[in-house]
Every structure is written in structure tokens, then in C-alpha cells.
Amino acid sequence: MSFKSLIDEIENNLHKILEDMSISDIQFTVEPAKPGFGDVSSNISFLLAKSLKKSPKEIANLMSEKYRKSQNILVSKVEPHPTGYLNFFADWEKLSQLILSESNLNEFGSIDLGNNSQIIVEHTSVNPNKALHIGHIRNIVLGDTVARILKKSNYKVNVLNYVDDSGLQVADIIVGFKHLGFDQQSPTGKKFDHYCGDDVYVKTTEKYEQDPTFEEIRKNTLKELEDGTSETAKFADMITRRVLENQLETCWNLGVYYDCLNFESQIIRSGLWSKIFEKLKEMNLVEFENDGKNAGCWIIRGEDNEEDKVIVRSNGTATYIAKDIPYAAWKLGLIDDPFSYKKYEKTQPGSQILWQTTLTESNEPKQNFTGNKVITVIDSRQARLQKIITGLMSKFKSTDDAYVHLGYESVTLSSDTAQTLGLDTDGKQAQMSGRKGLYVNADAVYDLLKNKTIEETKKRHAEMSDSEIEQIAHYVSVGTLRYEMIKQDLDKMITFDLTKSLSLEGDTAPYIQYTHARASRIIEKSARPPSIDVDFSLLNDPSELSLIKIIGLFEIYVLDAAKNLSPKVIARYCHDLAVAFNSFYEHVKVLELGDEKLENSRLCLVHSFKITLDKALKLLGITAPDKM
RNA sequence: GGGCUGGUAGCUCAGCUUGGAUAGAGUGCUGGACUUCUAAUCCAGUGGUCAAGGGAUCGAAGCCCUUCCGGCCCGCCA
């Protein structure tokens, strides 16, 4: 409970006071205070001003009088502020002991929001016809981070990756292989996914413009893909699985793991659509148009002045969105599961088993990858389609928030970066385009970052072995990439600039990781294990107290992040922790003080900081090295 | 035309859900701190009509309305 214990104590006491005054229904806040205003503040006086017909200042005086008679354990002082706020000061000796002891528990920062219920997080979901670019990374890191935060919040999380293996984009590279003579092996030194995206896909798309007869080939290829039994479909399956494997390598390298891979081709062949379509008709969620521009089609009525959406064409075939409806229903466990499950051919790093769906018999036991709640991470360009799905699911499930579209703005390229890729944008940022070859590959960014961090680490540690340096550089590069993708709010565009992305100073992962290395070094040098059995009253420097305070706020931020599906909250928390530690580091020494008691107390704090930062960074999928 | 979304310091962004105290970071620029537990650091200074206007409120960056400017989406494509 840590800092929350203090807040709870104050809240309870204030409620009792209101009860004695026969006042109810006041939704006052009790929050960590801004610096300079005590430790906790409440706005209660402002809210009482009207009903008591007194100024906030007078009420603050009154309330603090009453509060002083309450039973106080962690509060040492109450102070009415002339503005009307009620400011509380903690008994830091007690609170420090509470926070620092609790921070030693493995479950420190864990909260119970999910009540151990099953939840699905779907992310990544990229066409397996190209390598992952920096825009995909935002999706992947966002989804992975949300999954980690939800686990910490007592949800049973299953992470899905929907492999879009039967669309037009896949057809395009198949056309390249089958009709343009592209070799099935990538050139030496080039990953197969890069080859498919950079060469096969881009060149094939160019060909359509030069030679319109290829459009026909494209259409036929798409048709053959959806059939499933065709030679083309089998060939495509082989190719897309090779690409998928390469894409997964990129994800795994970033510390992103999954529970199950779902294949679009199998959803199509499973026949789930026709079942859902019947249900939609029964529930009157779709309508048949007899006339108008959509005559002969089944449509979903548009809301908010939006156009109706065709879901079954007049020729009887289903449109794109129709594939998403059964899949969404499947994720929510609303339809009988037609799939068997088998383990993915390659094992993920770590212990997590990776399953995949199959329509053929399997010796493996049936799995359950459904949830009462489903979070689908897709960029906000798909907001409209997702809104339709969300609407349908809320009717199926009769709850509003069972299906959540977690949208985010896309990643664009800075004009400088676009220029290095050969596009003059006249100083404006540019949307990435796989088709035009205008993108920055995720692997390439990682490599650049890694080379740079290897260089930086070598500068500082001439004595280190190559493998040790490589390990550190890996953690720092992954951390940097992940942090940049997560620190910004979801509704803000990220303009990616190749040069700026290599910055390792300021509000970046290395800044935060560096504080961890500093803390580790102190503990290592002290040559004795940190103990919790110390004199907490010795920790009274402002820099010590503010560090303890921030450590104690961990769970409050986890709750905020989980409730609002807002991973940047944790990124900011990590940054706050790091800032507080750096300030502590500059202000007070820990070692060789000639005062063993004080050293032990500070060592205890350093250790608490280190393990708390470690836990918080873990939620972001970032590892902090002991040296860097 | 309709829907969604953003506009806060030169630049990149927090704060807005739940109105209240001196609107915060990073970066940039200026100056300072390494014989010290790692300077990927710290300290100080600089920098703001919170897009504009109106409304409700004792009180608005925040809530409501209008306008302006940017981005995205709006196919019987996927």
C-alpha cells in the first residue's frame, strides 16, 4: 500500500469529519501534493464552500482544526493554505519504513484491477509480405506494454497476433515470385522479410502501373489465395510463413512475445463468417437494401451522419470488414471455436509457449484464447471500421466496453529522413508507404542504435569484453527504441527522425538506465548486502524524502496506466524516479561517510530505488544493465 | 460535405478524464560543476496573449458553444 496508506488514512479521516458534520456526497480529492505544499493535498474546502457559505480559506482553517483531533498514524501535521487547500505532512520516519519495506516485496506495485479475469490483447497484426518498419513498432511496443501493465494489474492476459496472410498485399509478392521471376532466396546478408518488402513488393507494385495486364493476374492470384486448396495458396502459405518468422525475430529481439498466432486465411476457411452473418440477421444488425446506391447489398447502418457500410456485396461475397466481425466475436468467446492448436515451429526466447491456430487435427490440447474483455491495438486510421465492430460487439455481449479499440496516431517521417530516402517533401513530414518503399525498417534502426551504443560503451569501459559490451548495447538500444515509442501520448503523431532518434541524452531510456547503473555501482562497491533493518529517521534530506515518496507512488501510477490503458504514465514514472535519484546522487553521498548507520540507511534507499525502477522498467519491456 | 483527432516555451511534448496554489519536462541557447559512489550526470539563467472569440462559474489551459489552422478517415478495394 505504501504511499497510498497515507492517502487512505487522510481520506478516511476526512470522511469521518464530514459524517460528523452530516455532510455527504462530496467527491473531494486527496492527492500527492505539488512540491512545496506538503506531502498530500485535498481540495475539500473548495467543494464545501458553496454549501457552508464560507470561503475556502475559512473552511480550510475549520477542517484542519477538526482534523487535528483525528487519529493520525502517518500524518504528522495538517496545514490550511490561504488559497483553501488542505495540506498534509507525513511522519516520514514511519512512512519511509513502510514504503521501503514494501518495495522489497516481489509484488510491489501490483494492483488488483482485473480480479484475475481473462483479457485479450491483440497487437502487431502486420501483413506477412514485408519487414516491420518503425510505424509497426509503435503498435507492437504499445500492445506489449499494455499487456505487461494489465498483468501487473491482476488480469490473465493472452496476447494475440493476427496474421493477415490472405490479402491483396500478400497477393502482390506472390505475383512477384510467380510472374516476375523473383528468386525465392534473398540475396546473401539480407533477411527474407526485407527482401520481400524492399524488392519484391515495391517492384511488383511498380509493374502494375507500367503494365495493366498484371492487374488481372493480381486479381486472379487473390482469388486463388482465398480458395485455400490451390497450388498458389500453398505456395503463399510457405512464403508468408517465412516472412512471419523473420518478423517475429524482430519482435522477439525487442522483448515482445505472444501467446497465439491467428491466421486470417484460417478465419476465412473456418466458415465462421456465415455463422456470424446469420446471427447478425437474426439480431437485425444488418439490413438488406432493396434500392438506392447499395441496392442488393447487406449493410450496417451508419451512425452520426456517417455512410452506411456494405458488408455483403450484391454478388453475395463479403467485404473486408466482414472478416473482422467473426474474429472479434471469436476473441470474446461468443462463437464455438473451430480451431485446433499446435505449437509454433520455433520457440520463443524465454519460457512463454507460442501457440498457433490450425484447421487440421492436432495432438495438442484445446486452448482457450478468449477474454471477457478484448483490447485490439490498431492505428486510428482504422477507427471507423473499429467503431462498427465495437458497436456490434457491444450488442452481442450486452456490455459497452467488452471490445476496446486501442487506437493511436501513426508514425510519420521527418522531412530530413524522407529526403535521405529519396523523397523531397518541401519541409513537411511524410506518411510512410510500403508500396513506394518509403519507410524506415525497424531492424535498421535497431542496428544503428546498437552500433552507436557499442561505441559509447567502449568509450567508457575500455576493459570490457566484446560480448559484455554487446549485451549492454542491446539493452540500451531496445530500451531507447521502446521508450521513444511509448513516452508520447497515443493521440500524438510521432515524427520519426533518423538522426534525432539516436540521441541518448535527456528524456530517453539511457538516461533512466544510467541511474540504475549508478545505483548498482554503489551497492556493488559497498560490499555488504543492503538491509531493511536500518534507522529511517536518518533519511531526512529533501532529496532522500522525495526519492522515497516517488518510490511509494508506484502502484498509484500502475493503476492510472491500467485504468486508462495509458502506458506513457509508466514511462513518465520511470523518468521521475530517475530524476529523483540523480538529484539524490548529486546531493548526498552513500559510501565512505564514516557513519555506518547512515550508510546503511542510504544503502537501503538505493537498493529500494534500484529494484523499484527495475520493476517499473520491466512494465515497459526495458532492461536496465548494472553497468553502462 | 460528414466523422475522428491535434493546436501549451524557438522545437518535441506533460498537465485536460476529476476546474482551484508559483502552467511543468526535455531539447535549444548562455553560464557553471569531473583529484569525488560512472559527467549517458547535475546546477543556474533564458524562454508562455495555454490557437482565437464568446458562455456558464466566486475561479478556466482544463467544462460548453463558435471560428481558424494542421493531420487522418469516409469504395459493392484490402
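Labels below follow one simple rule: chain letters A, B, ... track the order of the sequence lines, proteins then strands, and each chain is numbered from 1. What you see below is based on every heavy atom in this structure, not just the backbone, and it leaves out hydrogens, waters and symmetry mates. Note that the coordinates shown come from a computational prediction; the quantities given were computed from them, not determined experimentally.
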Nearest to the side chain of [X], which nucleotide is it out of [options]?
X         : options                : answer
Lys323(A) : G2(B), A78(B), U41(B)  : A78(B)
Tyr514(A) : A39(B), C76(B), U5(B)  : A39(B)
Val590(A) : U18(B), A25(B), C37(B) : C37(B)
Arg460(A) : A14(B), A40(B), C76(B) : A40(B)
Arg381(A) : C73(B), G26(B), C13(B) : C73(B)
Asn305(A) : U41(B), G2(B), C37(B)  : G2(B)
Arg313(A) : C77(B), G26(B), A40(B) : C77(B)
Asp489(A) : A21(B), U5(B), G15(B)  : G15(B)
Gln431(A) : C42(B), C76(B), C72(B) : C72(B)
Asn564(A) : U17(B), C13(B), A78(B) : U17(B)

Assign [X] to base, sugar-phosphate, or nothing according to its heavy-atom contacts below 4.0 angstrom with the strands shown.
X         : result
Ala527(A) : nothing
Ala383(A) : nothing
Ser41(A)  : base
Lys589(A) : base
Lys500(A) : nothing
Pro35(A)  : base
Val588(A) : base

**OP:** With rounding to the nearest 0.5 Å, note down the distance linking CG in Leu620(A) to NZ in Lys568(A).
**Re:** 13.0 Å

Is the phosphate of [N], meaning OP1 or OP2, less than 4.0 Å from a side-chain N or O of [X]?
X         : N      : answer
Lys487(A) : U27(B) : no
Asn582(A) : C42(B) : yes
Gln488(A) : C13(B) : yes
Tyr408(A) : C72(B) : no
Lys309(A) : C74(B) : no

**OP:** Anything under 30° is parallel, anything over 60° is perpendicular, the rest tilted; go ahead and classify Phe584(A) against Phe581(A).
**Re:** tilted

Original post:
Can you tell which of Arg301(A), Lys293(A), Arg384(A) makes a salt bridge (Lys or Arg N to Asp or Glu O under 4.0 Å) with Glu307(A)?
Top reply: Lys293(A)

Expressed in whole Å, how much space separates the [atom1] atoms belonging to [N] and [M]?
N      : M      : atom1 : result
U12(B) : G31(B) : P     : 26 Å
C76(B) : A52(B) : C1'   : 44 Å
A61(B) : C74(B) : C1'   : 32 Å
C72(B) : U66(B) : P     : 24 Å
C65(B) : G6(B)  : P     : 14 Å
U8(B)  : A14(B) : P     : 10 Å
A9(B)  : A23(B) : C1'   : 11 Å
C16(B) : U5(B)  : C1'   : 15 Å

Find the partner of [N]: check Watson-Crick (N1-N3 plus N6-O4 or O6-N4) and G-U wobble (N1-O2, O6-N3) distances, both under 3.5 Å, and reply none if neither fits.
N      : answer
A51(B) : U67(B)
U57(B) : none
U17(B) : none
U30(B) : A44(B)
A78(B) : none
U12(B) : A25(B)

Original post:
Below 6.0 angstrom between ring centroids: does that apply to Tyr511(A) and Tyr514(A)?
Top reply: no

What integer distance in Å separates [X]:[atom1] from [N]:[atom2]?
X         : N      : atom1 : atom2 : answer
Glu306(A) : G75(B) : CD    : C1'   : 15 Å
Gln386(A) : C72(B) : CD    : C1'   : 15 Å
Leu504(A) : U38(B) : CG    : P     : 20 Å
His587(A) : A33(B) : NE2   : P     : 17 Å
Tyr511(A) : U27(B) : OH    : C1'   : 14 Å
Asn315(A) : G75(B) : CG    : C1'   : 14 Å
Phe584(A) : C43(B) : CZ    : P     : 15 Å
Glu586(A) : U38(B) : CD    : P     : 12 Å

Hey, are the side chains of [X] and [Y] touching, using non-hydrogen atoms and a 4.5 Å cut-off?
X         : Y         : value
Tyr208(A) : Asp172(A) : yes
Pro128(A) : Val170(A) : yes
His575(A) : Tyr483(A) : yes

**OP:** Please tell me which of Tyr585(A) and Gln429(A) maps to the more 5' nucleotide of RNA chain B, matching each residue to the nucleotide holding its nearest heavy atom.
**Re:** Tyr585(A)

**OP:** Please figure out whether Lys34(A) or Lys627(A) has its closest RNA chain B nucleotide nearer the 5' end.
**Re:** Lys34(A)

Original post:
Within the stacking criterion (centroid distance below 5.5 Å, interplanar angle below 30°), does Tyr85(A) stack on A21(B)?
Top reply: yes

Ignoring hydrogens and angles, does a donor from either the side chain of [X] or the base of [N] sit under 3.5 Å from an acceptor on the other?
X         : N      : result
Thr319(A) : A78(B) : no
Asn87(A)  : A21(B) : yes
Ser314(A) : C76(B) : yes
Thr457(A) : A40(B) : yes

Subject >> Pairing of Glu215(A) and Lys219(A) as salt bridge, 4.0 angstrom limit >> reply: no

**OP:** Consider only side-chain N and O atoms of Thr453(A) and Ser477(A), and report whether a donor and an acceptor are under 3.5 Å apart.
**Re:** yes

**OP:** Would you tell me whether Ser520(A) and Lys627(A) have side-chain atoms, one donor and one acceptor, within less than 3.5 Å of each other?
**Re:** no

